[in-house]
Amino acid sequence: MKRIAVLTSGGDAPGMNAAIRAVVRSGLNQGWEVYGIKQGFQGSILGQMLLMGARDVGGIIQQGGTILGSARCPEFRTVEGRNQALRTLNQHEIEALVVIGGNGSQTGSYELHKMGFPVVGIASTIDNDLYGSEITIGVDTALNIALEAIDRLKVTASSHERAFLIEVMGRSCGYLALMAGIAGGAEAIVIPEAEMPPDRVADEIQAAYQRGKAHGIVVVAEGAHYNAEKLAQYFGEHEEQLGFDLRVTKLGHVQRGGAPLAFDRVLATRLGAGAVDALARGEYGVLVGLNTNQVTTTPLEEVVGRHKVLNPELIELAAILAK
Ligand code: ATP
């Protein structure tokens, strides 16, 4: 192996830069040339890539986002798009590719692997929904950002005896909402894995007030059926009966942009180095992740199309501790 490339794809996650840095420096340590591909799979189609040296990845470990840029690339979902990417990679004599990204991105990795191109994926998404890694790059930082917002809203909720609803990211997985709810001491948590209709959410808040609490905090995953809009509508329509109002805060993209915390920097560094180790062993078509605190590889074939299941004990625990 002489020349590899690395790209970041899908939603950006804090720690992606630390992973790029680790791939580049570990690759250089192997004596390889490492190219950075711009804008995810789009750059692999268009040939937007640059040779990266150790200094090019200096001063980025503490930065959120990704210096390579990330893009959603619909073209890569087509055979023609992937054939073009393959031609471009071959033209540039790239022998293997490291893909840093979430579920969709690793589906793209698997498609490329099936076409015979050596690919290794690195688990990175703030949703933490990727099968094959207990924890993914970015989720810890995103969780801490959500937590800071919850802590602040709790202070103002207590001062005004007001209920607050905080919507956090998570299209199909409630991990972020569940953990933010547990760590932030929410009275109710609404996630796709444990839906709670609006009247039950209202009951939980009323019961909390009756137990002497001054605040009512509800954490909702954006992908829940009873999402922020539906809950706000119900509370708006029943405000007089309930005797309190509910204010909605959507954290949205604020959760993505933060500087990566120590956990994500170290995780990304370990996984980036792990990806280069896998390539050096000739182990392709795998996802590099962290399981029981060990860097592991899982065949992309097993990763694609599967979703990580939330620990039901944590869902139960959240309900008990909200009392
Ligand atoms: P996150 O969940 O953190 O936003 P992600 O990696 O799941 O990240 P997606 O937008 O789902 O983000 O996917 C990123 C890119 O991966 C897509 O724009 C596309 O280029 C590629 N991709 C997704 N699904 C497929 C597929 N089935 N086949 C080929 N490529 C795909």
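Indexing begins at 1, ligand by ligand and atom by atom, following the structure's order.
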**Q** Looking only at protein heavy atoms, identify the closest one to atom 19 (C) of ligand 1 and say how far it is in Å.
**A**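 Among all protein heavy atoms, the one nearest atom 19 (C) of ligand 1 is C73 O, 3.4 Å.
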**Q** Ligand 1 and G101, any nitrogen or oxygen pair closer than 3.5 angstrom?
**A**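 No, G101 has no N/O under 3.5 Å of an N/O on ligand 1.
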**Q** Should you measure from each heavy atom of R72, which atoms of ligand 1 turn up under 4.0 Å away?
**A**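 Ligand 1 atoms under the 4.0 Å threshold to R72: 4 (O), 9 (P), 10 (O), 12 (O), 18 (O).
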**Q** Measure from the side-chain N and O atoms of Q30 to the backbone N and O of G27, and report whether any donor-acceptor pair falls under 3.5 Å.
**A**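 Between the backbone of G27 and the side chain of Q30 there is no qualifying donor-acceptor contact (under 3.5 Å).
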**Q** Quick test of your reading of the model: are E229 and K250 salt-bridged, counting only N-O distances below 4.0 Å?
**A**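 Counted as a salt bridge, because a side-chain N and a carboxylate O are separated by less than 4.0 Å.
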**Q** Go through ligand 1 atom by atom and flag the ones less than 4.0 Å from a non-hydrogen atom of G108.
**A**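 What qualifies from ligand 1 is 29 (C), 30 (N), 31 (C).
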**Q** With R21, which of V57, D56, I67 fulfils side chain to side chain contact (heavy atoms under 4.5 Å, CB included)?
**A**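 Looking at V57, D56, I67, the match for R21 under the side chain to side chain contact (heavy atoms under 4.5 Å, CB included) is V57.
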**Q** Identify the protein heavy atom lying closest to atom 11 (O) of ligand 1, giving its residue, its atom name and the separation to 0.1 Å.
**A**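 I find the closest protein heavy atom is G104 CA, 3.4 Å.
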**Q** Please confirm whether G102 comes within less than 3.5 Å of ligand 1 when only nitrogen or oxygen atoms on both sides are compared.
**A**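 Yes, since at least one N or O of G102 sits under 3.5 Å from an N or O of ligand 1.
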**Q** Give yes or no for whether the N/O distance cutoff of 3.5 Å, strictly under, is met between R171 and ligand 1.
**A**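 Yes.
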**Q** Classify the contact between F76 and ligand 1 as side chain, backbone, both or neither, using a heavy-atom distance cut-off of under 4.0 Å.
**A**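 F76 to ligand 1: contacts from backbone and side chain alike.
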**Q** Do R171 and E222 sit within salt-bridge range, that is, some charged N less than 4.0 Å from a carboxylate O?
**A**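 A salt bridge is absent here (no side-chain N lies under 4.0 Å from a carboxylate O).
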**Q** Starting from atom 24 (N) of ligand 1, locate the nearest protein heavy atom and write down its residue, its atom name and how far away it is, to 0.1 Å.
**A**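 Heavy-atom neighbour on the protein nearest atom 24 (N) of ligand 1: R77 NH1, 3.2 Å.
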**Q** Validate the cation-pi geometry between R247 and F164: distance from NZ or CZ to the six-membered ring centre under 6.0 Å, angle to the ring axis within 45°.
**A**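 Judged by the rule, R247 and F164 form no cation-pi pair.
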**Q** Please work out which of the three classes, parallel, tilted or perpendicular, describes the rings of Y209 and F244, given edges at 30° and 60°.
**A**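 Plane angle over 60°, so perpendicular.
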**Q** Compute the minimum heavy-atom distance from Q42 to ligand 1 and say whether it is under 4.0 Å.
**A**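 The answer is no, since Q42 has no heavy atom less than 4.0 Å from ligand 1.
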**Q** Using a strict 4.0 Å cut-off to heavy atoms of T107, name the atoms of ligand 1 that fall inside it.
**A**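 Matching atoms, with element in brackets: 26 (C), 27 (N).
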**Q** Looking only at heavy atoms, what is the nearest atom pair of G81 and T78, with distance?
**A**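 In terms of heavy atoms, the two residues are closest at N-OG1, 3.0 Å.
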**Q** For the ring pair Y234 and H238, is the centre-to-centre distance below 6.0 Å?
**A**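 Between H238 and Y234, which both carry aromatic rings, the centre distance is below 6.0 Å.
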**Q** Which atoms of ligand 1 are found less than 4.0 Å from any heavy atom of T125?
**A**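 The list of qualifying atoms is 1 (P), 2 (O), 3 (O).
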**Q** Mind listing the closest non-hydrogen atom pair of A85 and F76 along with its distance?
**A**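 Scanning both residues completely, I find the closest heavy atoms to be CB-CE1, 3.7 Å.
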**Q** List the closest protein heavy-atom neighbour of atom 8 (O) of ligand 1: residue, atom name, distance to the nearest 0.1 Å.
**A**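 Looking only at protein heavy atoms, the one closest to atom 8 (O) of ligand 1 is G11 N, 3.5 Å.
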**Q** Could you tell me whether the side chains of T88 and Q91 share a donor-acceptor contact shorter than 3.5 Å?
**A**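 No, because no side-chain N or O of T88 sits under 3.5 Å from a partner of the opposite role on Q91.
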**Q** Which of these, D140, L143, N128, sits in a side chain to side chain contact (heavy atoms under 4.5 Å, CB included) with M179?
**A**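 Going through D140, L143, N128 one by one, the side chain to side chain contact (heavy atoms under 4.5 Å, CB included) with M179 is satisfied by L143 alone.
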**Q** Over all heavy atoms of both residues, which pair between L251 and A149 is shortest? Give the atoms and the distance, please.
**A**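 Result for this residue pair: CD2-CB, 3.6 Å.
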**Q** Identify, for atom 28 (N) of ligand 1, the protein heavy atom at the shortest distance, and state residue, atom and that distance.
**A**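 Nearest neighbour among protein heavy atoms for atom 28 (N) of ligand 1, to 0.1 Å: E111 CG, 3.8 Å.
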**Q** Where is the nearest protein heavy atom to atom 6 (O) of ligand 1: which residue, which atom, and how far?
**A**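 For atom 6 (O) of ligand 1, the nearest protein heavy atom comes out as S105 OG, 2.5 Å.
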**Q** Of all the atoms in ligand 1, which lie at a distance below 4.0 Å from a heavy atom belonging to D127?
**A**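 The list of qualifying atoms is 2 (O).
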**Q** Below a 4.0 angstrom heavy-atom separation, can you tell me which part of E75, side chain or backbone, both or neither, approaches ligand 1?
**A**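 Neither part.
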**Q** Does P74 reach ligand 1 with a nitrogen or oxygen that is under 3.5 Å from one of the ligand's nitrogen or oxygen atoms?
**A**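 P74 vs ligand 1: no N/O contact under 3.5 Å.
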**Q** If the cut-off is 4.0 Å to any non-hydrogen atom of S9, which atoms of ligand 1 fall inside it?
**A**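 Counting from 1, the qualifying ligand atoms are 14 (C), 15 (C), 16 (O).
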